[in-house]
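Hydrogens, waters and symmetry mates play no part in the numbers below; they use all other heavy atoms, side chains included. This structure is a prediction, so every number in the text was calculated from the model and none was measured.
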Amino acid sequence: MTQWYYADASGQRQGPFSAEELESHVRHGRLDAASLVWREGLQDWKPLKNFAAELDLQLDAIATPAVDIAVPDADAPYTPPTADLATFQPVVAGHVVQAGLWKRFAASFIDSIVTTVISYALMIPLMLIGVGVMGAGGSDNPFATGAGVASMLAIYPILFLAPCIYFGWMQSSSLQASLGKLAVGIKVARTDGQRMSFWRGFLRSLGYLVFTMVTCGLGVLISGLMVAFTERKQALHDMLCDTLVVDKWAFTSFPERQRDELGVVTIVILVLAGLAIIGSIAIYAVMGAMLMKDLA
């Protein structure tokens, strides 16, 4: 398959793209007849109009803007694009598929496993250090006792900081999604389609955790109901931080790739989550029955 590259308005090389992707860029107005393109076999960058027949493009109605476009170096066409991703402008036209309750629940199930593993990976060493310091110093050494207690107390901020940093970092990256959201094909964006900053992502996660803690866990149920019944499928922390959870192809040049259905991966995750919940309930039921039997 022929791989194409094009030079954007700032002279930065973008690509590679297939012929179909190049046609989509033309259709959405990101390329015109004068846009410079390159593929293997060409000695220099050429206007897109030179390849209209080869790519089966309809360029007659596309106006050629009278602007000078800097030509990128043609000696290394295979290097990655050098454009700053922070300057990317989302495509806001067209239908945007909002991520519903079940997709977000499936993503949350995966992310809860990830954040639990990260938290325990940080907490266990601190616990061992705290116990080791107190044991080595003895009960008569106030400094050893203080250092051990400080190590143990450092565990509690981790319970908040680890998830907030994880979500803030992943969802402000070029992926715009945590591992759970990547698995089910959704992402987080500002309501105008822009990528959110790290601190917005950090505070978005922190707000959800605080809301859940203050409501003694009811925040999870309330957030789920808000996602299920609000117009834009926003939970409280989405509204506070001006964010949306959408299909991974939303606000891109390929909105036609968005999907309303759950998808196989989401269904599999939901089944596994259901089995995990039923198994947990069964274990607690058995433990309760054994305890009641002992008390009797």
Side-chain angles (χ1 to χ4, degrees), residues 1-10 12-33 35 37 48 52 55-63 65 81 83-107 170-197 200-201 204 227-228 230-235 238-239 241-267:
M1 178 184 295
T2 302
Q3 298 294 316
W4 292 83
Y5 298 77
Y6 73 84
D8 61 21
S10 62
Q12 301 293 334
R13 179 173 42 250
Q14 305 291 339
F17 300 101
S18 65
E20 292 76 14
E21 291 172 328
L22 213 63
E23 190 274 335
S24 179
H25 286 312
V26 172
R27 190 170 64 253
H28 288 89
R30 298 184 66 185
L31 296 176
D32 53 47
S35 297
V37 298
L48 180 61
L55 295 169
D56 194 22
L57 299 176
Q58 300 298 323
L59 299 174
D60 296 339
I62 299 179
D84 184 4
L85 291 175
T87 63
F88 171 74
Q89 296 298 316
V91 179
V92 296
H95 175 59
V96 174
V97 174
Q98 316 285 347
L101 174 61
W102 295 117
K103 280 190 177 182
R104 292 183 65 163
F105 176 80
M170 291 290 294
Q171 294 176 166
S172 64
S173 69
S174 59
L175 299 172
Q176 294 183 247
S178 59
L179 294 178
K181 289 180 175 63
L182 284 174
V184 301
I186 58 179
K187 66 182 180 182
V188 182
R190 298 287 302 278
T191 54
D192 61 357
Q194 294 281 358
R195 187 196 313 171
M196 66 179 177
S197 66
R200 185 178 295 271
R204 178 178 180 271
V227 170
T230 55
E231 180 181 1
R232 306 184 77 178
K233 302 185 187 302
Q234 291 176 294
D238 289 314
M239 296 179 178
C241 295
D242 187 42
T243 58
L244 296 171
V245 182
V246 297
D247 187 273
K248 67 178 181 179
W249 293 106
F251 302 116
T252 70
S253 299
F254 308 100
E256 68 278 2
R257 297 182 182 180
Q258 298 179 92
R259 294 291 180 265
D260 287 293
E261 64 269 15
L262 290 179
V264 175
V265 174
T266 302
I267 293 173

* Does Trp102 have any ring pair (Phe, Tyr, Trp, His ring centres under 6.0 Å) partners at least two apart in sequence or in another chain, and if so, which? -> none

Can you tell me how far the [atom1] atom of [X] sits from the [atom2] atom of [Y], to the nearest 0.5 Å?
{"X": "Phe17", "Y": "Leu31", "atom1": "CZ", "atom2": "CG", "answer": "8.0 Å"}
{"X": "Leu22", "Y": "Tyr6", "atom1": "CG", "atom2": "OH", "answer": "8.5 Å"}
{"X": "His25", "Y": "Leu48", "atom1": "NE2", "atom2": "CG", "answer": "11.0 Å"}
{"X": "Ser24", "Y": "Arg30", "atom1": "OG", "atom2": "CZ", "answer": "9.0 Å"}
{"X": "Arg204", "Y": "Thr243", "atom1": "CZ", "atom2": "OG1", "answer": "4.0 Å"}
{"X": "Asp247", "Y": "Arg257", "atom1": "CG", "atom2": "CZ", "answer": "11.5 Å"}

Would you please name every residue forming a side chain to side chain contact (heavy atoms under 4.5 Å, CB included) with [X], sequence neighbours left out?
{"X": "Ser173", "answer": "Leu175"}
{"X": "Glu23", "answer": "Arg27, Leu57"}
{"X": "Ala235", "answer": "Arg104, Ser223, Val227, His237, Asp238"}
{"X": "Phe105", "answer": "Leu270, Ala273, Ile277"}

If you take all heavy atoms of [X] and [Y], which pair is closest and at what distance?
{"X": "Lys103", "Y": "Leu262", "result": "CE-O, 3.6 Å"}
{"X": "Gln171", "Y": "Ser178", "result": "CG-N, 3.8 Å"}
{"X": "Ala183", "Y": "Val265", "result": "O-CG1, 3.2 Å"}
{"X": "Ala99", "Y": "Lys233", "result": "O-CD, 3.5 Å"}
{"X": "Phe254", "Y": "Trp249", "result": "O-CB, 3.6 Å"}
{"X": "Gln98", "Y": "Leu244", "result": "OE1-CD2, 4.0 Å"}

* Does the side chain of Ser174 reach to within under 4.5 Å of the side chain of Arg195, using non-hydrogen atoms? -> yes

* To do: Please name the residue in the list Arg200, Gln234, Arg190, Gln194 that meets the side-chain hydrogen bond (donor to acceptor under 3.5 Å, both in side chains) test with Asp242.
  => Arg190

* Mind checking salt bridge (Lys or Arg N to Asp or Glu O under 4.0 Å) for Glu261 and listing every partner two or more places apart, or none if nothing turns up? => Arg259

* Look only at the side chain of Lys181 and the backbone of Gln176, and say whether a donor-acceptor pair between them is shorter than 3.5 Å. => no

